[in-house]
Colleague: 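Let me give you the structure first, and then I'll get to my questions.
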Amino acid sequence: MARILITGGTGLVGKRLTQLLIDKNHEVLILSRNPKNENEFKWNIVKNYIDEKAFKNIDFIIHLAGAGIADERWTKKRKQVIIDSRVKTANLLFEKVNELKLELKGFISASGIGYYGAITSKTIFKETDKSGSDFLAEVCQKWEAAAHQFSKINIPITILRTGIVLAAKGGALEKMKTPVISPLGSGKQYIPWIHIDDLCQMYIQSIEANLIGIYNAVAPDHQTSITFSKTLAKSIKRPYLGIGVPAFMLKILFGELAVILLEGSRISTKKIEKNGYSFRFKTLKKALNNL
């Protein structure tokens with residue numbers, strides 16, 4: 001049984017992960033701006049404050065905190081919020097862990113497949129491939145650099161580069177369930193996805209099976225916007241319209257953010273599978289039927 005401190009514990013992934021960890025008899029503590037429950041502790045990034053009681057006897061920190069990438073248009077101010085909510089939080093955690101001389105068994109951080117850039121290419125990206133050069137790549141580079149600080153104080157690091165998380169309630173899937181299902185733009189861009197339970201099990205395996213290093217956290221099933229839309233329409237019994245939502249309309253609606261809807265490449269899962277992870281939801285059909 002491990003004692004685990006989670007940031008972003010009230011978000012989509014954090015809630016499900018907390019539940020699954022507790023089911024496995026782990027003890028979960030949560031950092032929150034507005035703590036309400038007994039296992040929640042206050043932190044305030046602006047004031048550089050974390051309630052030190054949160055760190056008592058903890059074995060692992062799981063860092064999930066971060067403002068939603070697709071929640072608002074990418075203004076200059078919003079871009080800074082997206083970066084700071086990931087990087088400044090990790091920096092504060094590092095400062096406190098170093099100050100308190102905690103000997104953690106691991107620091108486990110979320111990251112995104114945006115690390116490789118929001119592009120559509122023939123490459124199937126592996127963890128060793130270089131990063132992209134756009135805004136999402138910058139976010140992920142800075143996010144991961146903040147996590148890598150922990151190696152300076154001999155704490156093992158795990159980073160999970162995550163695709164679109166599919167869950168029954170909330171998240172991207174809910175927004176995709178429109179009355180008529182259509183692909184976006186050309187429809188040829190790939191949509192790297194993962195079932196929420198597979199993602200949570202990867203975090204659990206990081207704790208229970210010492211999964212250390214950088215891993216792509218996506219399903220091994222490569223889907224384009226066209227094939228994804230068709231499978232979704234069939235799964236929820238809604239009409240499918242093969243004419244894609246025009247790229248120019250998405251750019252008008254979402255501005256620069258539209259790039260995450262219009263571009264996407266395939267992502268390799270070979271490394272995590274070679275390291276012992278077995279997917280529960282290998283295919284999109286199976287994942288959607290479960291949700």
Side-chain angles (χ1 to χ4, degrees), residues 8 11-13 63-91 109-149 157 159-166 171-172 175-176 183-194 199 214-219 222-226 228-229 244-269 271:
L12 181 75
V13 176
H63 183 42
L64 303 174
I69 293 284
D71 288 358
E72 294 178 26
R73 286 174 79 97
W74 290 349
T75 60
K76 192 177 178 183
K77 186 181 176 186
R78 181 64 183 175
K79 282 182 173 181
Q80 202 56 53
V81 168
I82 287 169
I83 292 171
D84 290 349
S85 61
R86 289 160 171 76
V87 175
K88 284 190 174 179
T89 47
N91 289 345
S109 178
S111 182
I113 53 158
Y115 178 88
Y116 308 108
I119 54 168
T120 304
S121 75
K122 290 180 181 177
T123 305
I124 301 175
F125 286 101
K126 303 185 295 293
E127 289 82 353
T128 49
D129 284 320
K130 65 182 174 77
S131 67
S133 56
D134 57 13
F135 170 63
L136 279 188
E138 180 196 349
V139 172
C140 295
Q141 286 166 43
K142 289 178 176 176
W143 200 354
E144 294 184 17
H148 281 300
Q149 292 177 99
I157 298 151
I159 292 171
L160 297 180
R161 290 179 182 156
T162 310
I164 290 170
V165 181
L166 303 184
K175 292 172 185 171
M176 291 176 182
L184 303 176
S186 70
K188 293 175 183 175
Q189 72 277 28
Y190 287 92
I191 299 179
W193 61 274
I194 187 165
L199 179 58
I214 298 171
Y215 297 91
N216 291 330
V218 296
H222 302 309
Q223 297 280 343
T224 64
S225 183
I226 290 171
F228 191 108
S229 301
V245 180
F248 79 88
M249 277 182 63
L250 294 169
K251 286 172 184 173
I252 290 166
L253 279 170
F254 300 108
E256 192 186 338
L257 189 156
V259 72
I260 66 173
L261 305 172
L262 296 168
E263 303 292 346
S265 294
R266 291 168 293 176
I267 306 293
S268 171
T269 58
K271 184 181 176 185

Colleague: State, to 0.1 Å, how close Leu250 and Gly185 come at their nearest heavy-atom pair, and which atoms those are.
Modeller: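 Scanning both residues, the minimum pair turns out to be CD1-N, 4.3 Å.
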Colleague: To the closest 0.5 Å, what do you measure between CD (Gln80) and NZ (Lys88)?
Modeller: 7.0 Å
Colleague: From Asp71 CG over to Leu257 CG, what is the distance, rounded to the nearest 0.5 angstrom?
Modeller: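 With rounding to 0.5 Å, CG (Asp71) is 9.0 Å from CG (Leu257).
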Colleague: Using side-chain heavy atoms (C-beta onward) and a distance below 4.5 Å, is Arg161 in contact with Tyr215?
Modeller: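 No, every pair of side-chain atoms sits at 4.5 Å or beyond.
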Colleague: Which heavy-atom pair separates Arg78 from Gly68 by the least distance, and what is that distance?
Modeller: NH2-O, 2.9 Å
Colleague: By the salt bridge (Lys or Arg N to Asp or Glu O under 4.0 Å) test, which pairs, at least two apart or in different chains, include something from residues 117-128?
Modeller: none
Colleague: The test is side chain to side chain contact (heavy atoms under 4.5 Å, CB included); show your working for Ile82 and Phe135 and say whether it passes.
Modeller: CA-CA 10 Å; Ile82 287 169; Phe135 170 63; 4.2 Å; yes
Colleague: For the side chain of Gln141 and the backbone of Gly132, is there at least one donor-acceptor N/O pair under 3.5 Å apart?
Modeller: yes
Colleague: Might you work through the side chain to side chain contact (heavy atoms under 4.5 Å, CB included) test for Thr89 and Trp143, ending with a clear yes or no?
Modeller: CA-CA 10 Å; Thr89 47; Trp143 200 354; over 6 Å; no
Colleague: What is the minimum heavy-atom distance between Val81 and Ala67, and which atoms define it?
Modeller: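 Result for this residue pair: CG1-CB, 3.9 Å.
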Colleague: Quickly, which of Lys251, Arg73, Lys79 forms a salt bridge (Lys or Arg N to Asp or Glu O under 4.0 Å) with Glu256? Name it, please.
Modeller: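 That would be Lys79; it is the only one of Lys251, Arg73, Lys79 passing the salt bridge (Lys or Arg N to Asp or Glu O under 4.0 Å) with Glu256.
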Colleague: Residues two or more places apart in sequence or in another chain: which of them pass salt bridge (Lys or Arg N to Asp or Glu O under 4.0 Å) with Asp129?
Modeller: none
Colleague: In Å, rounded to the nearest 0.5 Å, how long is the span from OG of Ser265 to OH of Tyr190?
Modeller: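 Answer for the OG-OH pair, Ser265 versus Tyr190, is 8.5 Å.
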Colleague: Assess whether side chain to side chain contact (heavy atoms under 4.5 Å, CB included) is satisfied between Trp74 and Leu136, documenting all intermediate values.
Modeller: CA-CA 11 Å; Trp74 290 349; Leu136 279 188; 3.9 Å; yes
Colleague: Here's a test for you: under side-chain contact (heavy atoms from CB on, under 4.5 Å), which of Ile113, Val218, Ile119 qualifies with Phe125?
Modeller: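 Testing Phe125 for a side-chain contact (heavy atoms from CB on, under 4.5 Å) against Ile113, Val218, Ile119 leaves exactly one candidate, Ile119.
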Colleague: Distance check, rounded to the nearest 0.5 Å: Ser85 atom OG versus Ile69 atom CD1?
Modeller: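 One gets 7.5 Å once the value is rounded to the nearest 0.5 Å.
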Colleague: Give me the atom names and distance for the closest heavy-atom approach of Leu261 to Gln189.
Modeller: O-NE2, 2.9 Å
Colleague: Which residues satisfy the side chain to side chain donor-acceptor pair (under 3.5 Å) test with Thr75, sequence neighbours excluded?
Modeller: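 Applying side chain to side chain donor-acceptor pair (under 3.5 Å) to Thr75 gives none.
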Colleague: Rounded to the nearest 0.5 Å, what separates atom CZ in Arg266 from atom CG in Asn216?
Modeller: 13.5 Å
Colleague: Starting at NE2 of His63, measure out to OG of Ser111 and round the result to the nearest 0.5 Å.
Modeller: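 The OG atom of Ser111 is 10.0 Å from NE2 of His63, to the nearest 0.5 Å.
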Colleague: Quick one: closest heavy-atom pair of Glu144 and Ile214, and the distance?
Modeller: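 Heavy atoms of Glu144 and Ile214 come nearest at OE1-CD1, 4.0 Å.
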Colleague: Could you tell me which non-hydrogen atom of Ile191 sits nearest to which non-hydrogen atom of Ser225, and how far apart they are?
Modeller: CD1-CA, 3.7 Å
